[in-house]
There are 2 protein chains.
Amino acid sequence: MKTAREQCEASNTLKNAGLSQTSHRKRILHILIHADTPLSVSDILRQLDQERKMNKVTVYRILSSFKSEGIIREIPTDHGVNRYEMACQHNPVHPHVYCRICRTMTCMPPITLSQVWDLFAAPSDFRIDNINVSITGLCRTCQRK
Amino acid sequence: MKTAREQCEASNTLKNAGLSQTSHRKRILHILIHADTPLSVSDILRQLDQERKMNKVTVYRILSSFKSEGIIREIPTDHGVNRYEMACQHNPVHPHVYCRICRTMTCMPPITLSQVWDLFAAPSDFRIDNINVSITGLCRTCQRK
DNA sequence: ATCATAAATGCAACAGGGTTGCAAATATTA
DNA sequence: TAATATTTGCAACCCTGTTGCATTTATGAT
Ligand SMILES: [Mn+2]
Ligand SMILES: [Mn+2]
Ligand SMILES: [Zn+2]
Ligand SMILES: [Zn+2]
């Protein structure tokens with residue numbers, strides 16, 4: 001019997017999703033698991049390239065497969081740059097605050113799915129894949145400028 | 001004394017925002033006021049071009065000024081294409097459902113700002129400009145394919 | 001109205017995120 | 001090991017959105 005934490009590790013995550021265990025996928029997953037804020041593709045490429053270059057097309061395709069399998073969440077921003085975070089048990093759906101100047105994105109405490117459901121009352125014939133709550137504005141630092 | 005409806009008309013909106021009354025701005029505002037769903041720049045250009053062409057840079061700049069003045073809201077999507085809707089009295093903040101296949105965006109019933117505030121508990125030192133709730137998934141039609 | 005000044009628009013060129021086709025490399029299975 | 005399917009890299013591309021600059025249009029004072 002595995003602990004919950006173990007099940008969120010890279011190789012288990014890939015196994016549970018039915019994805020083959022390539023080194024590329026594990027490297028990207030490792031970065032996402034250890035991130036404390038949602039990452040853009042540029043962020044991920046920058047981290048990868050410190051160790052060994054990876055083609056950006058590969059990163060996009062891997063993120064796309066992770067998204068299809070529900071391993072990660074995609075969070076759009078006002079600036080047209082998507083960000084990605086783990087969608088595992090330890091990271092339930094939650095809102096984000098996003099500074100439109102420095103483009104810092106910060107995770108907020110989670111809300112329960114039932115709260116979201118009650119509040120937003122999505123139409124019953126719409127199949128929900130993803131609920132994104134994004135609060136854009138100015139962080140404390142950027143308010144001073 | 002003007003009625004509330006009159007205050008949301010194009011020329012009044014421009015006057016209240018302190019923007020000069022150019023024909024370009026009025027044409028775009030007219031399109032947004034009569035839209036029943038948030039529009040992309042392509043949507044707006046397509047409608048404009050049926051009558052008389054307008055340069056896309058002009059459209060972007062006008063939307064940008066409208067956004068700065070709080071006349072319109074900008075709604076990002078998973079596909080990196082922003083959409084725009086009026087932010088007048090008759091159109092309070094509300095969530096949207098967005099189909100990731102046909103890319104249809106539909107407005108949902110409004111929630112009160114205090115509900116959002118209580119639920120998301122944004123940090124007190126963050127100055128909120130915009131709260132966006134976006135529900136992505138499949139519309140009824142696209143579920144059948 | 002006339003002129004001076006500021007603001008708005010069009011055009012071209014560009015930036016950056018993201019995608020597609022195809023060939024080469026790697027993993028999987030028999 | 002050999003055959004097959006999947007993954008990766010590369011180049012070229014598409015699309016949204018931006019920037020610089022010249023031209024046009026609006027504004028405001030004389
Ligand atoms: Mn988060
Ligand atoms: Mn709406
Ligand atoms: Zn900031
Ligand atoms: Zn659809």
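Proteins get letters first, then strands, A, B, ... in listed order; numbering begins at 1 in each.
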* Can you name the closest pair of heavy atoms from B:Ala17 and B:Glu69 and give their distance? -> O-OE1, 3.4 Å
* Structure fact -> B:Arg25 has its side chain closest, among C:dG17, C:dA8, C:dT9, to C:dA8
* A:Leu14 CG - D:dT7 P separation (whole Å) -> 11 Å
* To do: Let me know the distance between CD of B:Glu74 and C1' of D:dT18, rounded to the nearest Å.
  => 14 Å
* Specify the separation, in whole Å, of atom CG of B:Leu45 and atom C1' of C:dC11. => 15 Å
* Structure fact -> In whole angstroms, the gap separating C1' of D:dG17 from NZ of B:Lys67 amounts to 12 Å
* How far does CD1 of B:Ile33 sit from NE2 of B:His90, to the nearest 0.5 angstrom? -> 11.0 Å
* Calculate, to the nearest 0.5 Å, the distance between atoms OG and CD1 belonging to B:Ser65 and B:Ile71 respectively. => 6.5 Å
* Would you find a donor on one side and an acceptor on the other, under 3.5 Å apart, between the side chain of B:Arg103 and the backbone of B:Thr77? -> no
* Asked: Given that B:Ser42 and A:Lys53 both sit by DNA chain D, which one's nearest nucleotide is further toward the 5' end?
  -> A:Lys53
* Structure fact -> Atom CZ of B:Arg46 and atom P of D:dC15 are separated, to the nearest Å, by 12 Å
* Check the distance between D:dT7's P and A:Leu63's CG and give it to me in whole angstrom. => 14 Å
* Do you know the tightest heavy-atom contact between B:Lys26 and B:Gln21? -> CE-O, 3.9 Å
* **Gap between atom NZ of A:Lys67 and atom CD of A:Glu74 - 0.5 Å precision** => 3.5 Å
* How do A:Thr58 and B:His79 order along DNA chain D: which one's closest nucleotide is nearer the 5' end? -> A:Thr58
* To do: Would you please confirm or rule out a distance under 4.0 Å between OP1 or OP2 of D:dT16 and any side-chain N or O of B:Asn82?
  => no
Extract from the structure each pairing of a protein N or O with an N or O of nucleotides 10-13 of chain D at less than 3.5 Å, listing the distance.
none

* Any idea which heavy atoms bring B:Leu32 and B:Leu39 closest together, and the distance? -> CD2-CD1, 4.3 Å
* To do: Heavy atoms under 4.0 Å is the rule here; annotate nucleotides 24-30 of chain C 5' to 3' with B where the base is hit, S where only the sugar-phosphate is, and - elsewhere.
  => ----S--
* Asked: Going by distance alone, is a donor N or O of one side chain under 3.5 Å from an acceptor N or O of the other, for B:His34 and B:Gln47?
  -> no
* **Atom-pair distance (CZ on A:Arg52; P on D:dT8), nearest Å** => 12 Å
* Structure fact -> For A:Pro92 and A:Arg73, the nearest pair of non-hydrogen atoms, with its separation, is O-NH2, 3.5 Å
* Asked: How many angstroms lie between OG1 in B:Thr104 and NE2 in B:His96, if you round to the nearest 0.5 Å?
  -> 13.0 Å
* Angle between terminal axes - the helix from C:dA1-D:dT30 to C:dA30-D:dT1, 5 pairs each end, rounded to 10° -> 30°
* Structure fact -> Residues A:Met54 and A:Leu45: closest non-hydrogen pair is O-CD2, 3.3 Å
* Atom OH of B:Tyr60 to atom P of D:dT16: distance rounded to whole Å? -> 6 Å
* State, to 0.1 Å, how close A:Asp43 and A:Pro38 come at their nearest heavy-atom pair, and which atoms those are. => OD2-O, 4.4 Å
